[in-house]
Structure formats: structure tokens, C-alpha cells
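As C-alpha cells, the structure follows; a few thoughts come after it.
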2 protein chains.
Amino acid sequence: MLSNSSKYAIKAVLFLALNSSEKNKVMAKDISQPINVPQAYIAKLLQELVKEKIVSSVRGAKGGFYLDDKNLNHSIMSIVNVIDGEKRLNSCMMSLKKCNEEKPCPLHSILSTSRSQILNSLKSKTIKDLVEEVELGNAFLPL
Amino acid sequence: MLSNSSKYAIKAVLFLALNSSEKNKVMAKDISQPINVPQAYIAKLLQELVKEKIVSSVRGAKGGFYLDDKNLNHSIMSIVNVIDGEKRLNSCMMSLKKCNEEKPCPLHSILSTSRSQILNSLKSKTIKDLVEEVELGNAFLPL
DNA sequence: TCCTAAATATGATTTTTATCATATTATATT
DNA sequence: AATATAATATGATAAAAATCATATTTAGGA
Ligand code: FES
Ligand code: FES
């Protein structure tokens, strides 16, 4: 479904959303442990997100990663797109050249509605939305 | 979502369902081209399916692969399970240790219903079901 | 019984994904 | 300005997935 890297990235972003701010930056090494992803690995992923302006950062002493209000309004899909690329989730499930509505493969008929729901959720839900779920106690973030 | 291998395997099985029978076996090399998967690759995948009795085969002259009535009643999920293993589709989408209904991650809340629908379809739909869709002209099998 | 055809077992190679490591650059503090 | 700190750029290594290759086994036909 999602790559490991995307999953890690989402965890890290949510962690930042909950535990950082412009005046309270968090270093890679302090993200690594609570989300259970190796430091060098999460650092690299965060760098890609910074490049796409989904995460903010400043380097040097007192530096670190954080999310500002603009960052918080990005969709979950935008994270996945940066890390996994656009086509991972919408290619044909039977590996036809392309997923084709006019000439759907047999799996298309039975799976594409559910898949669209997933894609739509990922597109419409923002980081902020998920954070709210956690704050309301409807969702959890262990490891 | 599904691995390449699983997608290839499903294509091959559907091709066999439509073009083979006990008295009309099809060789790996004659499956390879129409489904657009390299011969050595599809042969290996089919061997795994034979081992799990999802596909039938006989070797030697006049041999080849085919599906019998029993084979046709296997679910699509059974193919995926043989090729990808059981946990590819139901692990936590944020890579928590396990997908946990009691302490769901933020993605769980928004995605798990759709994912369950996908899993249920894959479990309930048999090879025969999909073949019927193709025969009715509701689904297609190019490349 | 031989010969040929085809799957099977096995494993090698390539590509992609995941993971680790480090030298460089930018920032704050002294 | 000098130093320490932390991200960044870059690339190396490891593991997994995808792909390719081949010797062995089994079945049919001459
Ligand atoms: S998923 Fe195969 S055509 Fe859409
Ligand atoms: S998908 Fe994360 S807990 Fe179910």
C-alpha cells in the first residue's frame, strides 16, 4: 500500500505537528526514538519534505525541524507523493499499461471504488486534521 | 498495493481460466506473450501456485498449465497470499507494530473501512467470478 | 527403450528500496 | 571571529523484489 518510507514520513510529520513549533524545533535525533525509526533514515526523509516545503527547518545551533501553520495544512497525500511518487497508488491493480475506466480490468470493477475512497481521504485529510483526531483521543501514536 | 508478482500471477491465472482446460494445456511460453510477462518469470510464479494447488500442471511432452474446476473456485486472495504472503495487505498503514482496532493510528480511522472492503472483495471473489465478468464483457484483459 | 518436450528446482543477476555514514554548510552563542 | 551545533548533500552498503538462466525430472511418442 504505502512504502515504509512514506509510513515513516507520516509518523515523523505527525510527531512534529504535535511536538514542535517555530520556537520549539526538534532535532532529527529526538524524533528518531519516539517514532522508532533510525535517525539517519528519518533525517533523510525529512530533508526531502523540507525541499517540498511540507516541513520547515533551520540548521545550525538551536536548529531543528518544525511545522508552521502553512505546513499543517498540507494533505497526507502530499507527503506520500513526495516520498513514493504519484503513481504508486493509482496504477492498474493487474498491471495493465494504465488503469483505464473505459476498458477496466476484472479487478478494477470490484476494487476501484474502495481505492478511490482511500485516495480521496488521503487527498482531503490534512496533517492538522489527523492531529485533531489524536488530540481528541480518537487516534493514537504509539511507536 | 499488490506486488508486481501478484499482479502477474493474477493475469496468468485469468488467462489460463479463459484459455485452458485439462485437455488443452498451455505452456509457459504461450502464456508469457499475451499477458506481457517474461517467460522465466511467469513460469516461476506459476510453479508456486501449482505447489499450492491453485493451478494444475503436467510436465513433459504435451504438458503445460491449466485450471480445473476446483482451481477455478479459489479466491483472488489465495493467489495474493501465495505470492505476497498474508501480511502485505493488513499491516498498519503507519507502520505501528500491528494494526490495532483498540488503539488505532490516525490513518486507521480514515482508511480502514475502505481497506476492509478491498480485502473482503479479494477474499470473496473467485477466479471463476472474474472470468464471468470478462465473458459478459464487463471487464477486459488487454496486455 | 530413446528421444523430445515441458515443468521443476535451484540459483545467479539486476534493480529497487531501505538503511547507514560522513563531509559540508549554515546558525547561534561566546 | 571562533566554536559548537544541527541540517544538508552526497554517496556507500544492505536487504528485498524483480528478472534471468540452466540443469534436472517427468511424460509422451517414435
Ligand atoms: S485497476 Fe486495472 S484497469 Fe483499473
Ligand atoms: S492502520 Fe494503523 S492501526 Fe490500523
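Chain A is the first sequence line, chain B the second, and so forth, proteins listed ahead of strands; every chain is numbered from 1. The structure displayed is predicted, hence computed values, not measured ones.
Of the two residues near DNA chain D, B:Ala61 and A:Ala61, the one whose nearest nucleotide lies more 5' is A:Ala61.
Contacts of residues 66-85 of chain B with DNA chain C (heavy atom under 4.0 Å): none. Contacts with DNA chain C (heavy atom under 4.0 Å) in residues 47-59 of chain A: A:Arg59, listed by number. Using a 4.0 Å cut-off on heavy atoms, none of the residues of residues 21-30 of chain B approach DNA chain D.
Hydrophobic clustering, defined by side-chain heavy atoms of Ile, Leu, Val, Met, Phe, Trp and Tyr closer than 4.5 Å, leaves B:Leu136 isolated from every other such residue.
Partners of A:Asp84 under the side-chain hydrogen bond (donor to acceptor under 3.5 Å, both in side chains) rule, at least two apart in sequence or in another chain, are A:Ser3, A:Ser6. Among residues two or more places apart in sequence or in another chain, the side-chain hydrogen bond (donor to acceptor under 3.5 Å, both in side chains) test is passed with B:Ser121 by none. Every residue was checked against the side-chain hydrogen bond (donor to acceptor under 3.5 Å, both in side chains) condition with B:Ser109, not counting sequence neighbours, and none meets it. Annotation: side-chain contact (heavy atoms from CB on, under 4.5 Å) contacts of A:Ala12 (sequence neighbours excluded): A:Ile31, A:Ile35, A:Ile42, A:Leu46. Remark: A:Asp30 pairs with no residue by the side-chain hydrogen bond (donor to acceptor under 3.5 Å, both in side chains) rule, at least two apart or across chains.
The phosphate of D:dA18 has neither OP1 nor OP2 within less than 4.0 Å of any side-chain N or O from B:Tyr8. Note on B:Ser5: a side-chain N or O is less than 4.0 Å away from OP1 or OP2 of D:dA18.
Screening residues 77-96 of chain A for ring-ring contact (aromatic ring centres under 6.0 Å, His included), with sequence neighbours left out, gives no hits. Each ring-ring contact (aromatic ring centres under 6.0 Å, His included) pair with one or both residues in residues 6-27 of chain B, not counting sequence neighbours, appears once here: B:Tyr8-B:Tyr41. Among residues at least two apart or in separate chains, there is no ring-ring contact (aromatic ring centres under 6.0 Å, His included) pair with a member in residues 54-111 of chain B.
The distance from atom NZ of A:Lys44 to atom P of D:dA12 is 11 Å, rounded to the nearest whole Å.
Remark: A:Glu22 CD is loosely packed, at most 12 non-hydrogen atoms of other residues, nucleotides or ligands lying under 6.0 Å away.
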